[in-house]
Amino acid sequence: MKLAIFAILASAVAAFAPAANTQRQTTELAAERREFLSQAVALAGAAAFAPVANAVIDYENIGYLGGSTTVDVNNANVRVYLKFPGFYPTLAGKIVTNGPYKSVGELYNIPGLSGAEKDLLKKNEARFVAKEPAADYVIDIFNNGLYR
């Protein structure tokens, strides 16, 4: 048993030991360093003169996603409706599951709305906008992964 353990230990150590014939000459190492440095300088030069990317870095309607008093009914997350008394979770869930909307007036056509829910919508109608749905935000409209 001790011999088997010793053999396993010796084979494990031998796997990490350097081979005897793998010594490199100093000139070979210097050439590798020069090649590496020249590639690094070329890459840094290319990065310094890279063309400008025309990507959209800010969503122009970001304020309507919960950061202002006005809410975009097509892109705002269900949790944004916590700001409105009586909306969360029932009415807020109905709004986000039945979108997208072309106008705020379409909110009144949500199936299953009660009279009280329609009154809440009417009371807060001025605080809603219906912007074009943006794929980056619509994907998280139901659940944005924030948990308590």
Side-chain angles (χ1 to χ4, degrees), residues 1 4-19 22 24 28-148:
M1 180 71 173
I5 293 173
F6 180 73
I8 291 172
L9 183 61
S11 64
V13 170
F16 293 103
T22 59
R24 295 191 278 179
E28 188 179 327
L29 286 174
E32 285 181 12
R33 285 187 193 130
R34 280 192 303 269
E35 183 180 340
F36 172 76
L37 289 175
S38 66
Q39 289 175 355
V41 169
L43 183 62
F49 299 107
V52 177
N54 293 323
V56 176
I57 57 171
D58 281 332
Y59 177 57
E60 61 272 3
N61 297 320
I62 196 80
Y64 299 121
L65 298 180
S68 69
T69 58
T70 306
V71 172
D72 178 6
V73 294
N74 286 328
N75 295 304
N77 186 274
V78 69
R79 292 179 61 92
V80 171
Y81 296 98
L82 285 166
K83 294 172 146 185
F84 303 101
F87 273 68
Y88 189 83
T90 307
L91 183 54
K94 289 178 182 179
I95 291 172
V96 299
T97 55
N98 289 290
Y101 306 98
K102 294 189 186 302
S103 68
V104 176
E106 287 186 14
L107 291 173
Y108 297 104
N109 299 331
I110 295 174
L113 279 182
S114 68
E117 290 171 335
K118 287 183 180 181
D119 291 342
L120 279 172
L121 283 174
K122 185 68 174 166
K123 179 181 173 186
N124 294 286
E125 184 176 9
R127 296 177 69 186
F128 297 129
V129 294
K131 299 290 183 180
E132 189 68 28
D136 293 341
Y137 299 100
V138 172
I139 195 168
D140 290 333
I141 201 166
F142 306 111
N143 181 5
N144 61 359
L146 296 177
Y147 304 101
R148 292 186 189 185

K83 atom NZ: more than 12 heavy-atom contacts under 6.0 Å: yes
Aromatic centroids of F128 and Y101 separated by under 6.0 Å: no
Expected output: side-chain K131 to main-chain N75 donor-acceptor under 3.5 Å: no
Minimum-distance pair of heavy atoms, taken over all atoms of S68 and T70: OG-O, 3.0 Å
Sub-4.5 Å side-chain heavy-atom contact between L113 and L121: yes
Parallel, tilted or perpendicular, as decided by the 30° and 60° cut-offs, for the rings of Y81 and F87: parallel
V71 to A76 - nearest heavy-atom pair and separation: CG1-CB, 3.5 Å
Worked verdict on I95 versus I110 for side chain to side chain contact (heavy atoms under 4.5 Å, CB included): CA-CA 7 Å; I95 291 172; I110 295 174; 4.1 Å; yes
Euclidean distance, L120 CG relative to K118 NZ, rounded to 0.5 Å: 13.0 Å
Least distance between heavy atoms, T90 atom then E117 atom: CG2-OE2, 3.5 Å
Ring pair (Phe, Tyr, Trp, His ring centres under 6.0 Å) partners for Y137, two or more places apart: Y59
Nearest non-hydrogen partners of E125 and Y108, listed with the distance: OE1-OH, 3.0 Å
Side chain to side chain donor-acceptor pair (under 3.5 Å) involving N74 - partner list, sequence neighbours excluded: none
Distance (rounded to the nearest 0.5 Å) between S103 OG and N109 CG: 8.5 Å
